[in-house]
There are 2 protein chains.
Amino acid sequence: MTITIYDVAREANVSMATVSRVLNGNPNVKPETRRKVKDVIERLNYKPNAVARGLASKKTKTVGVIIPDISDLYYSAVLRGLEEIAEMYKYQIIITNTDNDAKKEFDAFETLRSNQVDGIIFLGGTDDKSVIESIQRTTTPVVVCGYSKDMSIYRVNANYRDAIERVVQGFIDRGNEKIAYVQSGYHNILENILADKIIEVLERNNMSKDNMFEFYANTYEEGMDLFSEVKEVKADAVIAISDEVAGGILHGTLDENISVPEDLEVISCSNTRIAYMMRPRLSTIAVPLYDVGAVGMRLLTKLMNNEEVEEKINVLPLDINYAKTTRV
Amino acid sequence: MTITIYDVAREANVSMATVSRVLNGNPNVKPETRRKVKDVIERLNYKPNAVARGLASKKTKTVGVIIPDISDLYYSAVLRGLEEIAEMYKYQIIITNTDNDAKKEFDAFETLRSNQVDGIIFLGGTDDKSVIESIQRTTTPVVVCGYSKDMSIYRVNANYRDAIERVVQGFIDRGNEKIAYVQSGYHNILENILADKIIEVLERNNMSKDNMFEFYANTYEEGMDLFSEVKEVKADAVIAISDEVAGGILHGTLDENISVPEDLEVISCSNTRIAYMMRPRLSTIAVPLYDVGAVGMRLLTKLMNNEEVEEKINVLPLDINYAKTTRV
DNA sequence: TTGTATGCGTTATCAC
DNA sequence: GTGATAACGCATACAA
């Protein structure tokens, strides 16, 4: 029923090899023959079977993306960057959600490999031991958009260390003394890095590390509920990983008639459109989400193409976007 | 290098046919043999090549999803529902962005077919002629999550007709007379349906259809800018398709010291988390985004499995979520 | 420049 | 129950 390369060959009075050649742009075909074959292809509306092609060539023109949560604006913005570059290079994208579950992550990786994807991208970073081992064992190119302790992995991330340093120093310069640091609670390298950095800056300013108070929240609602706890420790500044959480804290605080940023400064480390839509507009560390994805996919295309890649790490610069929730 | 079914067969002293049988859970294998083969599979860490499998069986366990914009919270929420059901049924998902471009939509459809996906889902609806024709011509099962004029296509959508009717009647009952209707501007069946319905309700209440004013906006920023135009026509109620746009209008209005909902009621037809995070909280037509995706994918699995499907259309009921931007 | 033949790693149809 | 063997649709090495 389905029309194959043989049908085209027969109709065009050539061998299937020749059809394959014109299909793949092989120059060793007489222009006249090429025309003839192309005409038949057009006429029969023939489309090569990508699966057969994948089996024969061992290249599927497909990349796998492993992502914690596709409905999280943060990741979907990165994915958008990935996708656009992938399209440019004619790659299809297979996505898998993991919900920050290491087991799912591992399974997704294995499944993608059995699907013969040409490359795999992790969004948000990985640090699960078995996943890292898998990555190292395989020959499939892998790029991590995010953090990982393993230095042998290709990755792209943003210069959060520098940005958080400036943020914290700013807080201190403006007289703040107690910083609430609100994380996701998922085991996440970035969150640890930031915690360390916050402490580092505190101590450099002759302040105790006890001036940082750790909290955990994942949603806007949880952020709102966090208000009382933040108040309890008398925090005068909040650094939240997620802008959705930051928004919750912000609104929860305002509901109690506490002024932002006068009595409490709030900044988030994420930078989705949500921050911009908050009232008052949320200050953020301005991660270039789209770029992270775009750079990551570009890097992967190079790896899949066996091109030379200078650095294993690609660190994007980071701006701080001071809006209405900071006293800058 | 890569280990195949032959390697397993050799190691287990059976034929590849037998290995294939245990792989596929074929009962015609002696339990003892099964054990032996499974042990070898385990020991060699053998993973079947899904591409070869796809070629031989003509089933790839892969579904394609065609989506206007993956970074749009509305669609990514639906996708999340799709994904979860797909995972349950062991299907991989290939996504393609179209940016509401009919040409891209068509190309995506063709590419997915050449990739031998077992089924295809359109998010947001389609009405491009060539796409519809393609859908009808192919034997690949297709489900549209959204609207389409073509009645032969399987689809799932929400009961917007009923919901918008209640919304508009409510506006009128509360004494509103001029309704601003803010659409995306993309050719979109749903938007036309709603426009017709708004007019229908107006006329049923002996009001002219000129009491509906059409506007176009796609982002929060455009929504904010729209304020002056909405004010110009003296609208006392706004119905926006997107909650991001509704949020923009809302904030733009408040910035001018016009009271919401006292002087202007606002409701959106979308229902992403953004609506919930707006201040004041946005009233919406509560589309169950996740469910739309879940139901769509479930439907598709039935089609791919040649199961009986009662209805071509699946209409989900819709609640109206009256929050703080309506006088209810 | 073109054609023939083989392989890619499975599934599936036969026999035994 | 199990084992040969023929597809599946294409790329490609080798011949011509």
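These numbers come from a predicted model, not from an experiment. Every chain is numbered from 1, with letters handed out A, B, ... down the list of sequences.
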query = Thinking salt bridges, do Glu32(A) and Lys36(A) make one under a 4.0 Å N-O criterion?
reply = no
message = Students often get this wrong, so: under 4.0 angstrom with heavy atoms, is Lys59(A) touching a base, only sugar-phosphate, or nothing?
response = nothing
message = Checking contacts here: which listed nucleotide (dG9(C), dT5(D), dT2(D)) is nearest the side-chain heavy atoms of Leu55(A)?
response = dG9(C)
key: Ala17(A) side chain, from C-beta outward: closest of dG3(D), dT1(C), dG3(C)   = dG3(C)
ask   = Does Tyr46(B) have a side-chain nitrogen or oxygen under 4.0 Å from the phosphate oxygens OP1 or OP2 of dT10(C)?
value = yes
inquiry  = Students often get this wrong, so: under 4.0 angstrom with heavy atoms, is Ser20(A) touching a base, only sugar-phosphate, or nothing?
reply    = base
inquiry  = Under 4.0 Å, counting only non-hydrogen atoms across every strand here, what does Val14(B) touch: a base, just sugar-phosphate, or nothing?
reply    = sugar-phosphate
note = d(Ile94(A) CD1, Ile66(A) CD1) to nearest 0.5 Å is 11.0 Å
query = Taking only N and O in the side chain of Lys58(A), is any of them less than 4.0 Å away from OP1 or OP2 of dC10(D)?
reply = no
key: Contact under 4.0 Å: Ser57(A) side-chain N or O vs dC10(D) OP1/OP2   = no
request  = Decide, yes or no, whether a salt bridge links Lys38(B) with Glu42(B) under the criterion of side-chain N to carboxylate O below 4.0 Å.
outcome  = no
ask   = Going by atom types only, do Thr138(A) and Arg113(A) share a side-chain donor-acceptor pair under 3.5 Å?
value = yes
ask   = Between dT10(C) atom P and Asn26(B) atom CG, what is the distance in whole Å?
value = 17 Å
Rounded distance (Å) that lies between atom C1' of dC10(D) and atom CG of Asp7(A) = 13 Å
message = Is there a side-chain contact between Arg53(A) and the phosphate of dG9(D), meaning an N or O under 4.0 Å from OP1 or OP2?
response = no
task = Please tell me which of the listed nucleotides, dG9(D), dT2(D), dG3(C), lies nearest to the side chain of Thr18(A)?
result = dG3(C)
key: Among dT1(C), dT11(C), dC10(D), the one nearest Thr4(A) by side-chain distance   = dC10(D)
message = By the definition side-chain contact (heavy atoms from CB on, under 4.5 Å), identify the one residue from Val40(A), Val8(A), Ile41(A), Val14(A) that meets it with Val22(A).
response = Ile41(A)
ask   = Between dT10(C), dT1(C), dT2(D), which nucleotide has the shortest distance from any of its atoms to the side chain of Ala56(B)?
value = dT10(C)
request  = Report yes if a donor N or O on one partner sits less than 3.5 Å from an acceptor N or O on the other, where the partners are the side chain of Arg21(B) and the base of dG3(D); otherwise report no.
outcome  = yes
query = Nearest to the side chain of Thr33(B), which nucleotide is it out of dG1(D), dA11(D), dC8(D)?
reply = dG1(D)
query = With a non-hydrogen cut-off below 4.0 angstrom, is Asn49(A) in contact with a base, only sugar-phosphate, or nothing?
reply = sugar-phosphate
key: Closest nucleotide among dC10(D), dT2(C), dT10(C) to the Pro48(A) side chain   = dC10(D)
